[in-house]
Amino acid sequence: MTPDPISELMPLVYEELRRIAAHYVRGERPGQTLQATALVNEAFVRLAAERARHFNGRTHFLAIAALSMRQILVQRARARHAAKRGGAPQRVTLDDANVADGGAAFRRPDAAPDDIDVLALDEALSRLAALDADLAKVVELRYFGGLTVEETAEVVGVSPATVKRQWAMARAWLKRALDPDATRASSGEAP
Amino acid sequence: MTPAQWNRLKDVFQGALEQPLQARHAWLVEQCSDDAMILREAEALLQTHETAGTFLAEPARLDPTDLETLLPGTRIGSYRVLEEIGRGGMGVVYLAEDVRLGRRVALKSLPAAVAMHPELRERLRREARAAATISHPFVAVVYALEEMDDHLYIASEFVKGDTLRSEIARGPMLPERARAIAAAIASALGAAHEAGVIHRDLKPENVLIKPDGGVKVVDFGIAQIEGPEATRLTRAGAMLGTPAYMAPEQLLGASVDGRADIYALGIVFSEMLTGRHPLQGHRDAHLALTGPYAPIIGRCLQPDPAARFTSARELMEALASDPSGTGTHPEFQQQRGPTPTRFWWEFHQGTTAVAYVLLMIPAWYARGHISGWQGRAFFIVLAASVVVAAISRLHLWFTSRFYPAELSWVHRRSSRWIRIADWVFVGTLAGGAALIGDERSVWTIVLPSAAVGVLVTSLLVEPVTTRDAFKRSGLEN
């Protein structure tokens, strides 16, 4: 059976992710965040039971889940950003404007809890994809999907060693792309 | 960078990683001897790699509530989500399109915690049915309660407009406009109560003002969920830290009727008039209770429901009879800012302050005609009273121009000191005139004249301008 196009499966995966998150909300531990790995794995276990036939195996599901997670995070960051631009004035707390580990960087107020500016990362990742789609895919799977090196290798169809090398390169490239102090003539900038 | 260059960069970067740390640089230089650009880029990447620390080391995390977001284009039954338009303790509101009927709706997604609670869900179902029977021009129509899997959605009329909250945030409203909006809300509540629906969560956020000035009350009955369980479930939302609109009996968890909504409307009305919540902070807790609408608001805010208006209709009639006597035209006036009568009061405050300071010049010359320590004492006391009176008046003038919401409070607080300073000023002028040794001196005329002038303005002119300014703005002191 040929796998369905991703666009048809997205709502299914997305709905499952929502349902899982809803259960966590019900548990009500305010401020608690969920890690992508846990969320995606739980979604797989639940979806596999009822809708396995939709998916061309676990790898297919993982790829869609990672893409869903990326879209969700970007969408929320964008909505927050818009609310801050248009809505009532909000104070930027010290946490929002803290100093990043790599260099002094003023973070946007919608930076994710782990200090990554999701919107900037998403944008840089799109630029990386234009240069090297494989590298960008690895980042999407590992960061947004929470996949391990082995799972990523399985999804992409390369060896774990290759994934490790690609990850190192992509991570360094993204770090430079996100670091305002880095020279703007960074790798692949404006090809 | 060409694809070939990128591949080369990738090769040398990944090759360098295979080398021992100390040998990497030399290895790179050797590999890139023919291409300085690749060498520079690879060096930079390698350095970033070595200092990247925990960057992206942990997978993304998200707040579970982030997953309550529906992406634009998502289909919920027969609705297609267009965009998120609001988010609060009671869920997320989307602008959506009902594809069956081709109309736009406000689709409220209730918090998952509420939706999955069977008892709350049943209560919401009942309430939505009742709310759907309300038909009133000032009530946003509830179209449907949709239950999809674990989620609950309420589809209702999409109202384009600002919330009353953002209007209040811009400062106190003209009393006539506030009255007209309060009357419209009372009329909406009346229709709802007669349909057996109590709002339970009336607040400025739930009143929308359309671009044409019309009023729509939204979210009828959604706060039906009550009791400790619901409080716990909804507490985590945006209501945290906002002033309460709940009637005492509602706060205590007793069963409530329409009179709880009347209490809430009393707070909203007073907030419209003054720009602030009447129970917020101590300093102007009774601010709104001094204007022409004080009796109405006071009756709404009675702790005992039996002492309030018995129905929203009765409240509406009280509001319609318009005790301020400025007309009952239903079209709301849009202009705001100082009323014309406040101008003369401001003018009076400003000129009096300037005149006081200018009077120090003749006083300085008069001092020369009073001998010894008496002359010094005369001038020092006079200067002190001028400082108090002039600064206080300029402060009032400034407040009136730029912070009208604070005016009533500032005026109430400073008027006694101004009065004292005025009397000290007059007394000192008179005393100074008496102390002048040379009876033929011109100062024996000038000082008493100034004293009389100040007395006349303080006793005759000021009360008139003050009464006009404060009576007309509904902030009578």
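The figures that follow rest on heavy atoms only: side chains count, while hydrogens, waters and symmetry mates do not. In what follows, every chain begins at residue 1, and chains take the letters A, B, ... in the order their sequences are listed.
The CG atom of A:L73 lies 11.5 Å from the CZ atom of B:R61; values are rounded to the nearest 0.5 Å. Once rounded to the nearest 0.5 Å, the distance linking CG of A:L174 with CZ of B:F55 reads 5.5 Å. Rounding to the nearest 0.5 angstrom, the gap separating the CG atom in A:L131 from the CE atom in B:M1 is 7.5 Å. Note that the CE atom of A:M169 and the OG1 atom of B:T48 stand 11.0 Å from one another [nearest 0.5 Å]. One finds the CH2 atom of A:W167 at 12.0 Å from the NE2 atom of B:H49 (value rounded to the nearest 0.5 Å). Taking CG of B:L56 as the start and CZ of A:F144 as the end, the distance is 8.5 Å to the nearest 0.5 Å.
Across A:G146 and B:P59, no two heavy atoms sit closer than the pair CA-CB, 3.6 Å. Between A:R171 and B:A57, the closest heavy-atom pair is NH1-N, 4.5 Å.
Using a 4.5 Å cut-off between heavy atoms, B:L17 contacts chain A through its side chain alone, with no backbone atom that close. With a threshold of 4.5 angstrom between heavy atoms, A:L135 approaches chain B through side-chain atoms but not through N, CA, C or O. Proximity to chain A is limited to the side chain of B:E18, based on heavy atoms less than 4.5 angstrom apart.
Residues B:E58 and A:R142 are not paired through a salt bridge, judged by the lack of any N-O separation under 4.0 Å between the basic side chain and the carboxylate.
Of the listed residues B:E50, B:M37, B:K10, the one with more heavy-atom pairs under 4.5 angstrom with chain A than any other is B:K10.
Within a 6.0 Å sphere centred on CD of B:Q47, other residues, nucleotides and ligands contribute 12 heavy atoms or fewer. The environment of B:R8 atom CZ is dense: over 12 non-hydrogen atoms of other residues, nucleotides or ligands sit within 6.0 angstrom.
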